[in-house]
Amino acid sequence: MNSPDIAINIAILLTAYLLGSIPTAVIVCHCMQISDPRQKGSGNPGATNVLRVGNKAAAVMTLAGDLLKGLAAIWLAQYLLPTDHSTTLWMALAVLAVLGGHIWSVFLRFNGGKGVATTVGACLALDWHLGLAQAICWLALIGLLKVSALAALGMALLTPLFAWLLAPQWLLLSLLISCILFASHHQNISHLLKKA
């Protein structure tokens, strides 16, 4: 890979990070004249907290926006990256970049959401089998457990298994995603353990 290719790939990663950094929840709440989710409820700029401080429509829009960020970033990477032996690495880095942007948004002073919807969106674009398995698992656990954090953690825990079964070329990436999602939910984990 020559220097121009590396420069283009780095630009793709920066774009993925910036797409991930778009604070969907804050924008939706501002447009719908709802309280800033960072100042209410759990303080998390994500769909669950938007539902808590706003309404279902705002929460659905936030969820869709966060998912679309992941989709858009990976579709862009797939379109621009050359098809060679290094593509898998750069695609994996693009997924981590958009996820990192959501969790550590440059527009929110390197704070952000938990990254679940953005992860599902990115994985849907990366390999729809993996993304669909994540989405079904997440929604099923929300319906079963009625606790958003537990559903997210369950999905994160099962993501490497889904990758191993459905998209083994992304197994290492899925392990990293799982670790990042658990780290982003550290406060939720602490709260759940205290309640146990």
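- K69 approaches T118 most closely through the heavy-atom pair CE-OG1, 3.9 Å.
- Shortest non-hydrogen contact noted between I12 and L80 is CD1-CB, 3.6 Å.
- Other residues sharing a hydrophobic cluster with V50 under the 4.5 Å side-chain heavy-atom criterion for ILVMFWY residues do not exist; the residue is a singleton.
- A continuous path of hydrophobic side-chain contacts links I10 to I74 [ILVMFWY only; heavy atoms under 4.5 Å].
- Separation of atoms CG (L171) and CG (L166) is listed at 11.5 Å; rounding is to 0.5 Å.
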Give every donor-acceptor pair under 3.5 Å between a side-chain atom in residues 134-155 and any protein atom, sequence neighbours left out.
unit_1, atom_1, unit_2, atom_2, d
Q134, NE2, T159, OG1, 3.1
K146, NZ, G143, O, 3.0
S148, OG, T48, OG1, 2.9

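- There is a path of hydrophobic side-chain contacts, each under 4.5 Å, that joins M91 to L14.
- L124 CG to L68 CG: the interatomic distance, rounded to the nearest 0.5 Å, is 10.5 Å.
- Note: C123 SG to I177 CD1 = 4.0 Å, rounded to the nearest 0.5 Å.
- Clustering of Ile, Leu, Val, Met, Phe, Trp and Tyr by side-chain heavy atoms under 4.5 Å joins L51 with none of the others.
- Every residue meeting the side-chain hydrogen bond (donor to acceptor under 3.5 Å, both in side chains) condition with H129, not counting sequence neighbours, appears here in chain and number order: D127.
- Taking Ile, Leu, Val, Met, Phe, Trp and Tyr as members and joining any whose side-chain heavy atoms lie under 4.5 Å apart, directly or through other members, the hydrophobic cluster of I22 also contains L19, I27.
- The side chain to side chain contact (heavy atoms under 4.5 Å, CB included) test applied to I34 returns C29, M32, V53, N55, A58, not counting sequence neighbours.
- Looking only at side-chain heavy atoms (C-beta outward), I180 and L96 come within less than 4.5 Å of each other.
- The stretch residues 166-185 participates, sequence neighbours left out, in no salt bridge (Lys or Arg N to Asp or Glu O under 4.0 Å) pair at all.
- For residues 12-28, the side chain to side chain donor-acceptor pair (under 3.5 Å) pairs, not counting sequence neighbours, are T24-D66.
- Using a 4.5 Å cut-off on side-chain heavy atoms (C-beta onward), I103 and K114 make no contact.
- Put simply, CG on L67 and CG on L63 are 6.5 Å apart, with the number rounded to the nearest 0.5 Å.
- Hydrophobic clustering (side-chain heavy atoms under 4.5 Å, transitive across Ile, Leu, Val, Met, Phe, Trp, Tyr) groups L76 together with V95.
- Note that CG of L13 is 8.0 Å distant from CG of L81, once rounded to the nearest 0.5 Å.
- Contact record, L99 with G115: CD1-O, 3.5 Å, taken as the closest heavy-atom pair.
- The list of side chain to side chain donor-acceptor pair (under 3.5 Å) pairs with a residue in residues 163-180, not counting sequence neighbours, is empty.
- Side-chain atoms of H191 never come within 3.5 Å of backbone atoms of Q187 as a donor-acceptor pair (strictly under, hydrogens ignored).
- For A16 against A97, the heavy-atom pair with the smallest separation is CB-CB, 3.9 Å.
- Here the CH2-CG distance, from W90 to N9, works out to 4.5 Å after rounding to the nearest 0.5 Å.
- Residues S105 and N111 form no side-chain contact, since every pair of their non-hydrogen atoms from C-beta on lies 4.5 Å or further apart.
- Remark: D36 engages R38 in a side-chain hydrogen bond (donor to acceptor under 3.5 Å, both in side chains) (not counting sequence neighbours).
- The heavy-atom pair separating A73 from V98 by the smallest distance is CB-CG2, 3.6 Å.
- When hydrophobic clusters are built by joining Ile, Leu, Val, Met, Phe, Trp and Tyr residues whose side-chain heavy atoms come closer than 4.5 Å, directly or via intermediates, V106 is not grouped with L108.
- Taking L157 as the reference, F182 meet the side chain to side chain contact (heavy atoms under 4.5 Å, CB included) condition, with sequence neighbours excluded.
- A continuous path of ILVMFWY side-chain contacts below 4.5 Å connects L71 to L181, so both sit in one hydrophobic cluster.
- Listed by first then second residue, pairs satisfying side chain to side chain donor-acceptor pair (under 3.5 Å) with a partner in residues 25-34 number zero, not counting sequence neighbours.
- What you find for A92 and L173 is that their closest heavy atoms are O-CD1, 3.7 Å.
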